[in-house]
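What follows is a short report on a single structure.
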Amino acid sequence: MAGRDTKKARTRRYWLMKSEPSVFSIDDLAASPKQTTSWDGVRNYQARNFMREMEPGDQILFYHSNADPPAIAGIAEVVKQAYPDPTQFDKKDTHYDPASDPGAPRWEMVDIKFVRKFTQPLALDRLREESQLKGMVLLRKGSRLSVQPVAEKEWNHIMKLAGR
DNA sequence: GCCAACGTTGGC
DNA sequence: GCCAACGTTGGC
């Protein structure tokens, strides 16, 4: 056992993804075919690198940015590993990247699926009141990263806050 | 490799 | 609409 080539199931990881609800909300996700969407349009290397680390089954906090109030709206999960984002090659797309080489695509996306919507969204202000969440990337000053890791204990605490 | 200029994010 | 914080670009 435990040979070098033995594929060991990795423990589930947790993430947070931001979306402006006026562009794509958690309700839009729930209303999508198979309640699934491709997370295209990410054009930040750090965010892309986090998506590359994602695996099916990983859990995602779906965050509404530029919203009133900004809040975690619910949960989604990764259903497909990172693969090339076709919008980078689409001249008509706002996320078109002329510098990306089709032979070595620069940008990738994952597919995510709706899991549930919180009965009560967890507002940013509310999250800031929680000492257990002090370390969250989301709460760091000036944090703009649209795809970010969430620690397991942060995830568990948020689940407690969200109720069921 | 530095850094000023510029564009974007996102809370307020 | 403002603007701080951040990432990227490009001249040098």
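Just so you know, these numbers come straight off a predicted model, no measurement behind them. Chain identifiers are assigned alphabetically (A, B, ...) following the order of the sequence lines, protein sequences preceding nucleic acid strands; residue numbering begins at 1 within each chain.
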*Please determine, for the side chain of A:Asp125, which listed nucleotide (C:dG7, B:dC12, B:dG10) has the closest atom?*
B:dC12
*Could you work out which one of B:dG11, C:dA5, C:dG7 sits closest to the side chain of A:Lys141?*
C:dA5
*asked:* Taking the ring of A:Tyr45 and the ring of A:Trp107, is the distance between their centroids below 6.0 Å?
replied: yes
*Ignoring backbone atoms, test whether A:Tyr63 places a side-chain nitrogen or oxygen under 4.0 Å from the OP1 or OP2 oxygen of B:dG11.*
yes
*asked:* I need the CZ-P distance between A:Arg140 and C:dA5, as an integer number of Å.
replied: 16 Å
*Would you kindly give the OH-to-C1' distance between A:Tyr45 and C:dC6, to the nearest whole Å?*
16 Å
*Hey, are A:Arg106 and A:Asp97 close enough for a salt bridge, meaning a charged N less than 4.0 Å from a carboxylate O?*
yes
*asked:* Using whole Å, what does the distance between atom P of nucleotide C:dT9 and atom CZ of A:Arg43 come to?
replied: 13 Å
*asked:* By the definition side chain to side chain contact (heavy atoms under 4.5 Å, CB included), identify the one residue from A:Val137, A:Leu133, A:Leu139 that meets it with A:Glu154.
replied: A:Leu133
*Which residue lies more 5' along DNA chain C, comparing A:Asn66 with A:Ser143 via nearest heavy atoms*: A:Asn66
*asked:* Rounded to whole Å, please give me the gap between NE2 in A:His95 and P in B:dG7.
replied: 18 Å
*Whole-Å gap separating C1' (B:dT8) and CG (A:Asp97)*: 15 Å
*Can you tell which of B:dG11, C:dG7, B:dG10 lies closest to the side chain of A:Lys18?*
B:dG10
_Name of the residue among A:Gln81, A:Lys113, A:Lys80, A:Arg12 meeting side chain to side chain contact (heavy atoms under 4.5 Å, CB included) with A:Pro56_ = A:Gln81
*What is the distance from CZ of A:Arg144 to C1' of C:dA4, rounded to the nearest Å?*
10 Å
*In whole angstrom, what separates A:Gln148's CD from C:dA5's C1'?*
15 Å
_Integer-rounded Å distance: B:dT9 P and A:Glu20 CD_ = 8 Å
